Asks: 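What follows is a structure written as structure tokens; I'll ask about it next.
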Amino acid sequence: MNNQKSKQAFLEAKKIIPGGVNSPVRAFKGVGGDPLFIEKGKGSRVWDIDGNQYVDFVASWGPLILGHAREEIVEAVQTIAATGTSFGAPTLLENKMAGLITSMVPSIDKVRMVNSGTEATMSALRLARGVTGKNKVVKFAGCFHGHGDSFLIKAGSGALTLGLPDSPGVTHSSAKDTLTAYYNDFKSIEELFSSYGDDIAAVIVEPVPGNMGVILPDEGFLEKLRDITTQAGSILIFDEVITGFRVAPGGAQDKFAVTPDITTLGKIIGGGLPVGAYGGKKEIMDHLAPEGPVYQAGTLSGNPLAMSAGIAMLTTLKKSPAIYSKIDNLASHLESGLKKALDDTGVDGVINRIGSMLTLFFTSHKEVRLNNQVSSIDTERYAQYFHGLLKRGIYIAPSAFESIFISDAHTSEDVEHMVEMSRAVFTEMSEGALS
Ligand SMILES: *Cc1c(COP(=O)(O)O)cnc(C)c1O
């Protein structure tokens, strides 16, 4: 694989962009080597600037559920771009977008558009604090909610220890209002509520975590979160930036029939453009300015370009529910193919899957459902897997704590190819050819 042009471009980028990238995980630090510079994508494929072609399972980290450069979206964006890209005044496109979201996501009566998932979660938390008059937020270790100060907090040694800033620049006073619990460990939540319950404004959770790899909720876990927050008068926020329109048209809340108070969205709703949104019950959303006192605003929020891409995306998903059975089936075939290849080669691994998203964890554990199981996975093995696939023309996330995403553009040949190439890498692993 020749990647001279990408290597050169990365050297140049590092002189003028911090770390050479506009989002850290792109830099390949988790797997070693230099990132590929992508020139174009179409369907299930991407091409780098050296002309190498890859079957892409990253899908821009989730948004591209219809594949790259899907006609409906390209056409919508081109048409709207010609009529102006931003006015800072209401447009009919915003009504249409809000209508689609409220019709597809059961718990959302009203929705506010923003420009990224980060903005959505930050704003949702402010709204929760504004509505409840309480200060603290509970988040789960390993769940990612963008880069807002309140969410960049590391867990202390026990659930009851106050948080520590995870990044320089986050103050101790923001950290002290963030409490950390452990996913699928309901006791950790009960302890926090018994100590701080009066002051917990919100519990925020990825209902199905995708940012520590895919973790499935234990039976009843989400229901119990619903109950304890209701009892304490706290807001339950489902961060469905990944799972929204991915695990079902109505997101994880639809699939598991648990109703949050506020939902945050991003990724898929932007159709590949920068978009986020947060929405919920009318009584909560009406606390936002100009209706209510909680302030939040945005010059480019709801801009025509992003709305047209999002509308094309959601309209396509809404009118073709068969897309979900297709991609879920492909992902199920990928799961069983990878399992068999692991078994046949004797490589240890666990695969977690929900619908069209799945993670292969290299681990000798029999299951991965708790934080300590996630943190003991073999990241070096993952790096070998990543590079083994890359040189065979397959692009997966350059980090072990991510998901493989299947899109409507993938074919059963793509999946078969992925299984066979994975088998080849596992065989090298088991023969000790990679070390
Ligand atoms: C990606 C992601 C975010 C952040 O969204 P950005 O658009 O990258 O700011 C927030 N929450 C979850 C669950 C995500 O996966």
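No hydrogens, no waters, no symmetry mates; every other heavy atom, side chains included, goes into these values. What you see is a predicted model, and the numbers here were worked out from it, not measured in a lab.
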Asks: Show the numbers, then the answer: is there a side chain to side chain contact (heavy atoms under 4.5 Å, CB included) between R129 and V137?
Replies: CA-CA 9 Å; R129 286 174 168 151; V137 58; 3.9 Å; yes
Asks: Show the atom names and distances, to 0.1 Å, of all donor-acceptor pairs under 3.5 Å that link a side chain in residues 396-406 to residues at least two apart or in another chain.
Replies:
unit_1, atom_1, unit_2, atom_2, d
S399, OG, F401, N, 3.2
S403, OG, L358, N, 3.3
S403, OG, L358, O, 3.4

Asks: For E39, enumerate each residue passing the side chain to side chain contact (heavy atoms under 4.5 Å, CB included) test, keeping only those at least two apart in sequence or located in another chain.
Replies: I49
Asks: Kindly write out the residues that satisfy side chain to side chain donor-acceptor pair (under 3.5 Å) with E206, not counting sequence neighbours, or none if the list is empty.
Replies: N211
Asks: Between H387 and F28, how do the two ring planes meet: parallel, tilted or perpendicular, split at 30° and 60°?
Replies: perpendicular
Asks: Sequence neighbours left out, what passes salt bridge (Lys or Arg N to Asp or Glu O under 4.0 Å) with E71? Give chain and number order.
Replies: K42
Asks: Using the salt bridge (Lys or Arg N to Asp or Glu O under 4.0 Å) criterion, which residues pair with R353? Sequence neighbours excluded.
Replies: E335
Asks: Considering residues at least two apart in sequence or located in another chain, which fulfil the side chain to side chain donor-acceptor pair (under 3.5 Å) criterion with R126?
Replies: none
Asks: Could I get the full list of side chain to side chain donor-acceptor pair (under 3.5 Å) partners for S60, not counting sequence neighbours?
Replies: none
Asks: For I204 and T121: C-alpha separation, side-chain torsions, deciding distance, then whether side chain to side chain contact (heavy atoms under 4.5 Å, CB included) applies.
Replies: CA-CA 9 Å; I204 186 168; T121 55; 4.2 Å; yes
Asks: Kindly write out the residues that satisfy side chain to side chain donor-acceptor pair (under 3.5 Å) with H365, not counting sequence neighbours, or none if the list is empty.
Replies: S376
Asks: Return the set of residues passing side chain to side chain contact (heavy atoms under 4.5 Å, CB included) with T171 (not counting sequence neighbours), or none when no residue passes.
Replies: S173, S174
Asks: Centres of the Y183 and F221 rings: under 6.0 Å?
Replies: yes
Asks: The criterion is ring pair (Phe, Tyr, Trp, His ring centres under 6.0 Å); which residues satisfy it with F245, sequence neighbours excluded?
Replies: none
Asks: How would you list all residue pairs meeting side-chain hydrogen bond (donor to acceptor under 3.5 Å, both in side chains) that involve residues 17-37, not counting sequence neighbours?
Replies: K7-D34
Asks: Just by distance, do the side chain of S301 and the backbone of V114 share a donor-acceptor pair under 3.5 Å?
Replies: no
Asks: Is there a donor-acceptor pair closer than 3.5 Å between any side-chain N or O of E119 and the backbone N or O of N115?
Replies: yes
Asks: Do other residues, nucleotides or ligands put more than 12 heavy atoms under 6.0 Å from K318 NZ?
Replies: yes
Asks: Take atom CD in E380; do more than 12 heavy atoms of anything else shown fall under 6.0 Å from it?
Replies: no
Asks: State which residues pass salt bridge (Lys or Arg N to Asp or Glu O under 4.0 Å) with K96; sequence neighbours excluded, sorted by chain then number.
Replies: none
Asks: Using side chain to side chain contact (heavy atoms under 4.5 Å, CB included), reason through K139 and V205 one step at a time and then give a plain yes or no.
Replies: CA-CA 6 Å; K139 78 174 283 291; V205 65; over 6 Å; no
Asks: Looking at L92, I want to see if its CG is surrounded by more than 12 non-hydrogen atoms of other residues, nucleotides or ligands under 6.0 Å.
Replies: no
Asks: Test side chain to side chain contact (heavy atoms under 4.5 Å, CB included) on Y182 and L370; report intermediate values, then the result.
Replies: CA-CA 8 Å; Y182 297 94; L370 298 171; over 6 Å; no
